[in-house]
Amino acid sequence: MTRHYNFCAGPAALPTAVLERAQREMLDYQGRGLSVMEMSHRSSEYVAIAEQAEADLRELLAVPDNYRVLFTQGGATQQFAAVPYNLLGHGGQANFLETGIWGKKAIKEAQHLFGRAHIAASSASNGHVEAPRDSDIALSDDAAYLHVTPNETIGGLALDYLPSARRADGVEVPLVADLSSTILSGPLDVSRYGVIYAGAQKNIGPAGLVLVIVRDDLLDRAVDSMPSLFSYRALAEAGSMINTPATYSWYLAGLVFDWLKRDIGGVDVMAEINARKAGKLYAAIDASDFYSNPIAKRNRSQMNVPFVLADSALEGDFLREAEAAGLLNLKGHRSVGGMRASLYNAVPEAAVDALVAFMSDFETRRG
Ligand code: PMP
């Protein structure tokens, strides 16, 4: 069996150790004589799996007690709707910091559902290659919250600060963050946020699961008439089991949390490894005139590194030869083209070393 290096933006690489454990437990989960996939979500075995996953996540991110952790579904895209439904019940307007394609989709959904959304600052004018500064963010007087995408997965633009989210009248509004492509890549001060959400299929586990971390006091702000499956309060009260949850994805997420805790040593160690991985790739790009990355240095993403070749006619060959060398999924998002290497937690440092060596070899031969 060969496992190639997988740089996919999502669904992304999973730790081999996690997949091996899942394989061992596939047919007979810990002597119970059935697979986790075949368990009732109400059974004591499954509830123990679900509770352990939450406990490990809380430990990894030091989630304060006044935050609820929800394991829900519908992708991060569903949260583009769930957030305004849950936070605009007392009036006010959704505010956004727009730094790329995913934030723009969240804006469109809020506009679609509530008729308006205020863009408090945007990097659209520079093509999303450099993020606005905190001082550029101008919230509307009726801002109910500020939504940010700290890491734009397609553009590879990361915020280098956390917005203060203060209105002109001095009121600090809840910060809502789409952390789909950075969660668990390093430490996180959860107490700075009102709501955090993240689709699972990058740093958490397989697709089909979405993690939401919401501060207790925000559970009372929901719009009355909304789908009950979107309600953070209803989800929190039901232990994320209003209906059948994505049981197997939740179990695998638990295995990933366990791996991050025990095999890696937690998110601080993970952050060091991730910084090293990204550092090596950006160094290789910067050292060459053949490759380039368009993002302002202060906003470079450690998780998603887009790059282009000086001669775009060579892109097809680059991707074909990379794949033949066991370096998979380096094609950039269909909306932007070029190349993109996603360096999530489960992508080992050896994968980056192999990519950098390949890039150097390709440049020598074709540059
Ligand atoms: N937000 C971000 C930052 C993403 O990267 C993605 C998916 N790549 C989404 C939202 C949408 O996630 P989903 O496909 O799970 O709805």
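Scope of the values below: all heavy atoms of this structure, side chains included, with no hydrogens, waters or symmetry mates. We count ligands from 1, going down the list as the structure has it; atoms in each ligand are counted the same way. On a predicted model such as this, the values are computed, not experimentally measured, just so you know. Numbers here are sequence positions counted from 1.
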Distance from atom 11 (C) of ligand 1 to nearest protein heavy atom, with residue and atom: W102 CZ3, 3.5 Å
Any residue meeting salt bridge (Lys or Arg N to Asp or Glu O under 4.0 Å) with R233, in chain and number order, not counting sequence neighbours: D220, E237
Min N/O separation S181 to ligand 1 under 3.5 Å: no
R42: salt bridge (Lys or Arg N to Asp or Glu O under 4.0 Å) partners, not counting sequence neighbours: none
Nearest protein heavy atom with distance in Å, relative to atom 1 (N) of ligand 1: D178 OD2, 2.6 Å
Atom indices of ligand 1 within 4.0 angstrom of F80 heavy atoms, with elements: 10 (C)
Within-cut-off N or O pair, T149 and ligand 1, under 3.5 Å: no
Protein heavy atom at shortest distance from atom 14 (O) of ligand 1: Q201 NE2, 3.6 Å
Minimum-distance protein heavy atom relative to atom 5 (O) of ligand 1: T153 OG1, 2.4 Å
Side chain proximity check, R21 to D258, heavy atoms < 4.5 angstrom: yes
Per atom 8 (N) of ligand 1, closest listed option by heavy atom (K202, K105, M303): K202
Single-linkage hydrophobic cluster, 4.5 Å side-chain cutoff, F71 and L184 together: yes
Side-chain donor or acceptor of S342 paired with backbone N/O of Y344 under 3.5 Å: no
Centroid-centroid distance, Y251 to Y46, less than 6.0 Å: no
Under 3.5 Å: N/O of A76 near N/O of ligand 1: yes
Protein contact to atom 16 (O) of ligand 1 [nearest heavy atom, distance to 0.1 Å]: T77 OG1, 2.5 Å
Crowding at NZ, K104 (>12 non-hydrogen neighbours, <6.0 Å): no
N/O separation below 3.5 Å, Q78 to ligand 1: no
Pair H147 + F96: ring centers closer than 6.0 Å: yes
Ligand 1 contact by E152, heavy-atom criterion under 4.0 angstrom: no
Criterion side chain to side chain donor-acceptor pair (under 3.5 Å) on D216 and N66, from CA distance to verdict: CA-CA 6 Å; D216 269 343; N66 62 325; 5.9 Å; no
Test item, G199 contacting ligand 1 (heavy atom, 4.0 angstrom): no
